[in-house]
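This report refers to the structure that appears directly beneath it.
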Amino acid sequence: MHKVVIPIGPQHPALKEPESFSVTLSGERILAFSARLGYNHRGIEKACEERTYLQDVYLTERICGICSHTHSTAFVQAVEEIAGLVIPERASYIRTIIGELERIHSHLLWLGVAGHEVGFDTLLMYTWRDREIVMDILAQVTGNRVNYGCNTIGGVRRDIDPSQTKDILKAIDTLEERTKYYIDIATKETTLIERLSGVGKLSKIDAVTLGAVGPTGRASAVDRDVRRDDPYAAYDKLKFKVVTDDHCDVYGRALVRVGELMESYKMLRQALKEMPEGPLTVKAPRKIPAGEATSRYEAPRGECFHYVKSNGTDKPERVKVRAPTLANVQTVAKMLEDGQLADLPIVIAAIDPCFSCTDRITLIKRSGSRGPAKRMSWEDLHTYSIDWYRKKGLDFTGLNEKLKKWI
Amino acid sequence: MIRPGKMIKQVLGSLFKKPATTEYPFHKKTLDVPARFRGKLKFYPEKCIGCNQCVRDCPSNAIKIRKVADKVFEADIDLGKCIYCAQCVDSCPKRALEATCEFELASIDREKLKVTFRDNTKIAPTK
């Protein structure tokens with residue numbers, strides 16, 4: 001049959017964020033799928049180098065609009081490791097509690113989005129209504145629904161007082177009841193099972209080869225979780241089960257996520273009960289000694305990785321972020337192989353993509369007519385741009401002096 | 001039992017319930033802003049000692065402290081630049097800054113977002 005290549009995105013109704021995909025079709029069947037990242041590049045890594053460590057905590061928090069605590073914690077952990085700071089135990093418990101509350105809100109959000117992508121909007125309405133319960137709790141504890149501003153270098157900024165503990169426990173009870181209802185729906189509603197089963201198959205071997213992380217990997221029976229394998233914050237003191245599933249399809253991914261919700265409630269109850277009294281912060285130096293550190297964090301979407309290199313000043317020399325979606329986006333091509341075009345939105349949504357967190361680099365392809373690509377230093381690039389504009393008839397040299405004359 | 005329409009009971013039940021959403025601009029009283037909310041900043045000029053800690057820590061350069069007379073300071077806060085993290089409130093050694101619960105700050109004029117806090121009692125009246 002005749003092959004057709006269709007572009008999807010960067011702007012497309014099926015996508016929530018701008019990203020470009022190219023799909024090769026034979027009729028309705030997908031032959032090949034490729035993604036091109038780079039439409040959300042914001043230069044955050046470079047911006048981190050221009051700001052102090054304390055300012056970077058708020059900047060990294062704004063990498064993601066859903067897992068904001070993830071990025072700020074991962075960054076702060078790396079900085080604390082370089083500075084040799086040991087945070088108070090209460091602070092590590094509070095970080096864990098906020099992290100788990102964030103996971104609950106993210107997974108409920110995903111459940112709604114998944115429902116919406118398969119045309120089950122009733123599920124979207126109800127999960128998002130219930131998500132408001134956890135959002136209200138987060139607002140009450142940290143002061144904001146997203147971008148909690150809870151972390152600081154050497155601890156946390158906000159305490160959880162007994163009345164809030166009571167409110168959190170009450171909210172967990174309601175949410176647990178609701179999640180049991182959603183598990184009941186996920187396992188018994190035929191339309192959902194039929195629509196999601198066998199869609200976006202990813203075998204265990206493929207998941208390991210392509211480096212799938214988080215619920216995407218765990219739904220393909222890859223038993224990996226940073227919280228258990230490389231515990232951070234207070235996870236080494238909490239008892240929990242890593243939820244895995246062997247369905248290897250979108251249905252399995254939904255089951256893993258609702259299963260993780262149940263584990264999160266258990267963890268929160270234990271953490272709130274065992275949280276010790278004590279200070280919230282240790283004093284952090286403004287200048288961090290030279291060194292480098294990596295930090296891993298199990299975000300709702302999978303393993304989030306931060307690398308920080310310091311040079312003894314109050315600003316980092318290099319910050320590197322690898323968001324979980326970057327690890328998972330390659331798997332989509334495998335999942336869609338031989339699939340139907342109609343399954344594309346749900347298969348992309350099933351990795352719970354967060355493209356704006358992922359974009360760390362923009363590649364500019366040079367066509368063959370302009371000759372081979374060459375490397376340029378910052379100074380070369382500067383002179384190149386001046387020359388480029390001069391050829392167009394625009395001369396910006398000495399602009400400041402000219403402006404001064406006018407003023 | 002595996003069957004379609006598993007949510008029908010809940011959906012029909014919702015028909016007779018109040019909406020879960022609030023009619024925000026019309027009913028503002030139903031909005032419950034948490035006590036720890038970080039809204040528009042408030043500056044107390046009489047407490048400021050001009051140490052510039054807030055200026056140094058602000059992630060978005062939204063705050064400027066100006067010395068107008070001996071031990072009298074003014075603060076210019078750009079609400080359009082402010083990211084409402086309230087780090088300045090934490091950084092201030094004299095508690096001269098406070099995050100209020102005010103959040104309806106949208107404006108179509110950028111100049112209106114620039115707020116100056118000054119202590120009128122300490123400034124000598126100018127002609």
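Below, chain A is the first sequence line, B the second, and so on; all start at residue 1. Here the structure is a predicted model, which means the values were calculated and not measured.
When the shell of 6.0 Å around NZ of A:K320 is examined, it contains more than 12 heavy atoms from other residues, nucleotides or ligands. In B:E104, the CD atom is crowded: over 12 heavy atoms of neighbouring residues, nucleotides or ligands sit closer than 6.0 Å. Residue-environment remark: NZ (B:K47) exceeds the threshold of 12 foreign heavy atoms within 6.0 Å. Within 6.0 Å of CD1 on B:I108 lie no more than 12 heavy atoms contributed by other residues, nucleotides or ligands.
Only the side chain of A:L54 comes within contact range of chain B, with heavy atoms under 4.5 Å apart. When heavy atoms are compared at a cutoff of 4.5 Å, B:C58 approaches chain A solely by way of its backbone atoms N, CA, C and O. Proximity to chain A (any heavy atom under 4.5 Å) is shown, for B:D57, by both the backbone and the side chain. Contacts of A:Q164 with chain B are made by side-chain atoms alone, with heavy-atom separations under 4.5 Å and no backbone atom involved. If you measure heavy-atom distances from A:R145 to chain B, you find no contacts under 4.5 Å at all. Contact annotation for A:F120: only side-chain heavy atoms (C-beta onward) come within less than 4.5 Å of a heavy atom of chain B. Heavy atoms of B:P59 lying under 4.5 Å from chain A belong to its backbone as well as its side chain. Using a 4.5 Å cut-off between heavy atoms, A:N147 touches chain B through its backbone atoms (N, CA, C, O) alone. Contacts of B:A35 with chain A are absent, with no heavy-atom separation under 4.5 Å from either backbone or side chain.
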**Study point:** Working for side chain to side chain contact (heavy atoms under 4.5 Å, CB included), residues B:Q87 and A:Q55
**Key:** CA-CA 9 Å; B:Q87 176 60 45; A:Q55 292 172 332; over 6 Å; no

Check your understanding: Given B:R36 and A:D159, is the salt bridge (Lys or Arg N to Asp or Glu O under 4.0 Å) satisfied, shown in steps?
Key -> CA-CA 11 Å; B:R36 286 179 178 182; A:D159 198 5; over 6 Å; no

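Chosen from A:T122, A:D136, A:L192, the residue pairing most often with chain B at heavy-atom distances under 4.5 Å is A:T122. Highest contact tally toward chain B, considering only A:E194, A:R178, A:R129, is held by A:R178 [criterion: heavy-atom pairs under 4.5 Å]. Among A:T52, A:V57, A:D184, A:L59, the residue with the largest count of heavy-atom pairs under 4.5 Å with chain B is A:D184.
Atom-to-atom distance recorded for A:N144:CG and B:F103:CZ is 11.5 Å, nearest 0.5 angstrom. A distance of 7.5 Å separates CG of B:N61 from CZ of A:R51, quoted to the nearest 0.5 Å.
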Side chains of residues 76-86 of chain B: which donor-acceptor partners sit under 3.5 Å, not counting sequence neighbours?
residue: B:D76; atom: OD1; partner: B:R66; partner atom: NH2; Å: 2.8
residue: B:D76; atom: OD1; partner: B:T116; partner atom: OG1; Å: 2.9
residue: B:D76; atom: OD2; partner: B:R66; partner atom: NE; Å: 3.0
residue: B:D76; atom: OD2; partner: B:R66; partner atom: NH2; Å: 2.9
residue: B:D78; atom: OD1; partner: B:G80; partner atom: N; Å: 3.0
residue: B:Y84; atom: OH; partner: B:L79; partner atom: O; Å: 3.1

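Counting only residues at least two apart or in different chains, ring pair (Phe, Tyr, Trp, His ring centres under 6.0 Å) contacts with residues 53-73 of chain A comprise A:H71-A:H306.
In terms of modelled atom types and a separation under 3.5 Å, the side chain of A:E189 and the main chain of B:K6 share a donor-acceptor contact.
Residue B:D90 comes nearest to A:R157 through the heavy atom pair OD2-NE, 2.7 Å, listed as atom of the first residue, atom of the second, then distance. Here the shortest heavy-atom pairing between A:Y126 and B:S14 reads OH-OG, 2.5 Å.
Under a 4.0 Å N-O distance rule, the pair A:D314/B:R56 does not qualify as a salt bridge.
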